[in-house]
Protein chains: 2
Amino acid sequence: MDKIDSKLLKLLQQDASRTNAELAAEVGLSPSSCLRRIRRLHQTGVIDRIVAVLNPAKAGRTMKAIITVELERHGEQYVRRFLDMAAKEPAVVQAYSVSGETDALLMLRLKDMDELDALTERLFREESNVARYYTAFVIRTGKETTEIPI
Amino acid sequence: MDKIDSKLLKLLQQDASRTNAELAAEVGLSPSSCLRRIRRLHQTGVIDRIVAVLNPAKAGRTMKAIITVELERHGEQYVRRFLDMAAKEPAVVQAYSVSGETDALLMLRLKDMDELDALTERLFREESNVARYYTAFVIRTGKETTEIPI
DNA sequence: CGGCCTCATGCAATTTTATTGCACAAACTC
DNA sequence: GAGTTTGTGCAATAAAATTGCATGAGGCCG
């Protein structure tokens, strides 16, 4: 993980569709050497995967919402069970257990209010372990990146 | 955006490193036709970009935190100014203005506590417009995907 | 200091993959 | 139902990734 690897990771996080030759030129290496580095970053798991990032609006998912959840029973196994249940929902893109007043936080990608209604119905019905939940809607997105600073 | 496009988007969101021929076989098209569809999805902006997703732990960013922010003055221009400032921070991976009690929510990728300390110092110093902020740490990640259901 | 080992590199050949031109077929319009 | 648009598959071509091999740099130990 020297300076060249870091630069490669930075470039690949921004745009992984560039050709190996371009990347090689950018970091000042030959294509073969550059390719071997990238492959190593894959094999060692630093690069987890290559994915297409969609434009949510054009993919029909304009609405974003954040739900914070407080459980009745806060034990680890209960939190885990709730997270597992939430993770199964395709509209849930992030699900965390967190420190502090609330136990869990969900980030949602929604098509419309009906979808939210149906989802909360499924996750927060009476027999569930949820004491309270609070839904906030995203009004404006100032930043949204998959890029991790290296 | 027919059924084949949807399937392509699903596959590309999961793994964009597969060859065009593989994808073509998967959706039941010829390579050329498949390629033209993918190109169109790019041009129309449905596919925003292709990126490498890193393993945070192996990239040296183990810590995740969520900060909710309440501003002194809640006007749109103040919220916007705060979001712009937060967006400049590399450790901030998501920055939203939200409805409800709090004005903004930040998602952070951190190396250690010192980094958090330095960041809060920069964002929440006295002359800023921040009335209150609350930091929660992510204990467990139940789900974290870039995939939008189509 | 020098030999030895390991590892990354560049070059060039090879293989694989993406891309394009073209003719045909489906769907849609009027 | 003729004409137009749009999508498709095939085959040729262009571009890109991948590999073998020889070289050179750096580290380690005697």
Side-chain angles (χ1 to χ4, degrees), chain A residues 1-62 90 111 145-150, chain B residues 1-62 90 111 145-150:
Chain A
M1 276 286 282
D2 60 3
K3 201 147 190 172
I4 294 181
D5 278 349
S6 297
K7 193 164 181 185
L8 277 175
L9 288 175
K10 181 166 182 286
L11 291 170
L12 288 172
Q13 283 192 101
Q14 289 167 358
D15 182 3
S17 70
R18 311 173 67 184
T19 67
N20 180 49
E22 281 177 346
L23 290 169
E26 193 93 30
V27 300
L29 279 182
S30 71
S32 58
S33 201
C34 180
L35 185 69
R36 276 184 274 252
R37 275 174 181 265
I38 294 174
R39 197 178 321 177
R40 188 159 47 83
L41 290 170
H42 261 108
Q43 283 169 348
T44 56
V46 180
I47 296 176
D48 185 38
R49 57 196 197 282
I50 308 291
V51 301
V53 176
L54 306 192
N55 179 327
K58 301 208 173 168
R61 295 267 161 176
T62 43
K111 205 163 57 245
T145 181
T146 55
E147 192 178 344
I148 296 172
I150 302 298
Chain B
M1 278 286 282
D2 60 2
K3 201 146 190 172
I4 294 181
D5 278 348
S6 297
K7 194 164 182 185
L8 277 175
L9 289 175
K10 182 165 181 288
L11 292 169
L12 289 172
Q13 283 191 100
Q14 288 166 359
D15 182 2
S17 71
R18 312 172 67 185
T19 67
N20 181 49
E22 281 178 347
L23 291 168
E26 193 92 31
V27 301
L29 278 183
S30 71
S32 58
S33 201
C34 180
L35 184 69
R36 277 185 271 252
R37 275 174 181 266
I38 294 174
R39 198 177 321 180
R40 187 159 50 81
L41 290 169
H42 261 107
Q43 283 168 348
T44 56
V46 179
I47 296 176
D48 186 38
R49 56 197 199 281
I50 307 292
V51 301
V53 177
L54 306 192
N55 180 328
K58 302 207 172 169
R61 295 266 162 177
T62 43
K111 203 163 60 244
T145 181
T146 56
E147 191 178 346
I148 296 172
I150 302 299

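Quick caveat: nothing in here was measured; it's all calculated off a predicted structure. These values consider heavy atoms only, across backbone and side chains, with no hydrogens, waters or symmetry-generated copies. Each chain gets a letter, A, B and so on, in the order the sequences are listed, and its residues count up from 1.
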Decide yes or no for B/Leu9 and B/Ile148: does some side-chain heavy atom of the first lie under 4.5 Å from some side-chain heavy atom of the second? no
Quick check for you: to the nearest 0.5 Å, what is the distance between B/Met1 atom CE and A/Lys58 atom NZ? 11.5 Å
Can you measure [X] atom [atom1] to [N] atom [atom2] for me and round it to whole angstrom units?
X	N	atom1	atom2	result
B/Leu41	D/dG7	CG	P	11 Å
A/Leu29	D/dT18	CG	P	16 Å
B/His42	C/dT19	NE2	P	10 Å
B/Leu8	D/dG7	CG	C1'	14 Å
A/Ile4	D/dA25	CD1	C1'	13 Å
B/Asn20	D/dA16	CG	P	15 Å
A/Leu35	C/dT17	CG	P	13 Å
B/Leu12	C/dA18	CG	P	11 Å

Could you walk me through whether B/Gln13 and A/Val51 pass the side chain to side chain contact (heavy atoms under 4.5 Å, CB included) check? CA-CA 5 Å; B/Gln13 283 191 100; A/Val51 301; 5.7 Å; no
Please determine whether a side-chain nitrogen or oxygen atom of B/Arg39 lies at a distance below 4.0 Å from atom OP1 or OP2 of C/dT20. yes
Verify the contact: side-chain N or O of A/Arg37 to OP1 or OP2 of C/dT9, cut-off strictly under 4.0 Å; return yes or no. yes
Is a donor-acceptor contact shorter than 3.5 angstrom present between the side chain of B/Ser33 and the base of D/dG9? no
Considering only heavy atoms and no angle criterion, is a donor-acceptor pair shorter than 3.5 Å present between the side chain of B/Arg36 and the base of D/dG9? yes
Residue mapping more 5' on DNA chain C - nearest nucleotide basis, A/Ser32 or A/Arg40: A/Arg40
Note: A/Asp5-A/Arg37 ion pair, threshold 4.0 Å (strictly below): yes
Regarding the side chain of A/Ser30, the nearest nucleotide among C/dT9, C/dT20, D/dA17 is C/dT9
Using a 3.5 Å distance criterion without hydrogens, assess whether the side chain of A/Asn20 forms a donor-acceptor pair with backbone atoms of A/Pro31. yes
